[in-house]
Amino acid sequence: MLLRGMTPRLVLLMFVSCPPHAAHSLGPLPTPPRCPSLAASSRTSPPVMDGGVDGDAWADSLRNRIEQVREGLADVQVVVIESIVPGQRLSLTAPPQLVELFTANSAGSRIIMLGRQGVHVARFGVEVTLEKMTPRPVVPGIHPEGTADLTLRAGRLCEVVELLDGGVTSLWLGRGGRARWVSLDGEGAEGAAPLDAPLLERSEALEAMVVEWVELVRESGEPHAIRQLAAALDDLGPIPPSPLASRRAVWVAGLINPPAVQGRRTEALAADVRPGVLMARTAEERVSCVERALLASTRSLRRKAEGRSGESPP
């Protein structure tokens with residue numbers, strides 16, 4: 001079992017090894033359209049007549065709300081920054097609008113962070129909460145008044161199924177929408193369905209793969225990589241048990257793909273599989289994503305280790 005006491009660190013990782021799919025994105029940037037498949041279902045404000053709300057429109061709105069609850073949808077505010085997975089922490093210097101979104105959230109609205117797949121915005125992301133805020137001094141032309149350093153914590157996985165128009169200056173710093181929570185391994189139910197034997201074996205094998213990868217990172221002698229690895233292990237906690245294959249794969253993705261620190265990226269040790277793991281529909285897809293990234297990264301780290309020792313590959 002990989003424990004929190006292991007103190008290596010990992011470097012930051014880049015973009016998806018699992019290919020993006022148009023069906024899992026919300027549109028191109030910088031002026032992304034609303035999700036085409038959802039545009040027809042957009043909610044509109046009830047018409048106002050004689051200073052009040054039309055009774056039929058109000059009833060329709062109430063019925064829509066009841067249906068939304070039945071479908072497991074939640075009203076959310078969407079920010080587009082980076083694809084992170086449950087358990088990760090993201091530190092960034094935030095503009096005043098983003099700072100206000102988190103600090104003035106008196107109504108307790110759920111805030112969802114999405115990442116990008118090329119020029120598209122991903123549909124799958126995580127709920128994020130504010131853990132820490134440190135105001136920045138004003139620097140003209142760089143940090144306007146209200147800028148702050150934020151630490152955000154990633155929580156539940158979700159799918160944004162609808163984006164709403166209006167209400168924000170920026171399309172992607174607090175845009176209204178609706179999201180559906182995504183269950184991993186039957187969480188919230190009576191229990192996860194048993195895995196078939198081949199998938200359970202692959203899930204079990206991930207731990208040995210991770211242990212080797214961690215040792216190679218530690219032996220690399222790269223101070224930044226080692227610090228990041230230690231932080232990732234501390235944030236994520238112990239690896240989930242092998243029968244919870246989806247959560248185990250998400251944990252691995254968080255370990256090998258740490259978030260950027262204050263927006264700064266360094267050389268990646270592994271391909272960034274977080275967007276692929278988030279959008280995957282099955283445990284087998286998630287396990288496949290992290291298997292490929294781990295194998296490729298381990299081979300690369302071995303070659304570097306052999307080069308440092310002057311040994312020829314076997």
Quick check: closest heavy atoms across [X] and [Y], and the distance to 0.1 Å?
X	Y	result
Met113	Leu152	CE-CD1, 3.6 Å
Ser203	Arg248	O-NH1, 2.8 Å
Val85	Gly254	CG2-CA, 3.6 Å
Leu278	Pro86	CD2-CD, 4.4 Å
Val138	Pro144	CG2-C, 4.4 Å
Trp251	Gly237	NE1-O, 2.9 Å

Would you say [X] and [Y] make side-chain contact, with heavy atoms under 4.5 Å?
X	Y	result
Leu92	Glu82	no
Pro135	Thr147	no
Val210	Glu207	no

Can you sort out the partners of [X] under side chain to side chain donor-acceptor pair (under 3.5 Å), two or more places apart, ordered by chain and number?
X	answer
Glu219	none
Glu284	Arg202, Ser288
Ser297	Trp213

Nearest 0.5 angstrom please: [X] [atom1] to [Y] [atom2], how far?
X	Y	atom1	atom2	value
Arg110	Thr129	CZ	OG1	12.5 Å
His224	Leu269	NE2	CG	9.5 Å
Leu90	Thr151	CG	OG1	8.5 Å

Partners meeting salt bridge (charged side-chain N to carboxylate O under 4.0 Å, His left out) with [X] (sequence neighbours left out):
X	value
Glu201	none
Arg302	Glu212
Arg153	none
Glu204	none

- Task: Go through the steps for Val214 and Leu255 under the test side-chain contact (heavy atoms from CB on, under 4.5 Å), then give the verdict.
- Result: CA-CA 9 Å; Val214 164; Leu255 180 70; 4.2 Å; yes
Any side-chain to backbone donor/acceptor pair from [X] onto [Y]? Under 3.5 Å, distance only.
X	Y	result
Gln97	Leu173	yes
Gln88	Ile84	no
Asn257	Ala271	yes

- Query: Listed by chain and number, what are the side chain to side chain contact (heavy atoms under 4.5 Å, CB included) partners of Met209, not counting sequence neighbours?
  - Reply: Leu206, Leu294, Leu295
- Task: Just jot down the side chain to side chain contact (heavy atoms under 4.5 Å, CB included) partners of Ser246, sequence neighbours excluded, or say none.
- Result: Leu184, Asp185, Ala283, Arg286
- Task: Go through Arg303 and Glu306 one step at a time and tell me if the salt bridge (charged side-chain N to carboxylate O under 4.0 Å, His left out) criterion holds.
- Result: CA-CA 5 Å; Arg303 286 193 295 268; Glu306 291 158 356; over 6 Å; no
- Message: Taking transitive links into account, so neighbours of neighbours count too, which hydrophobic residues share a cluster with Ile142 at under 4.5 Å side-chain distance?
- Response: Val139
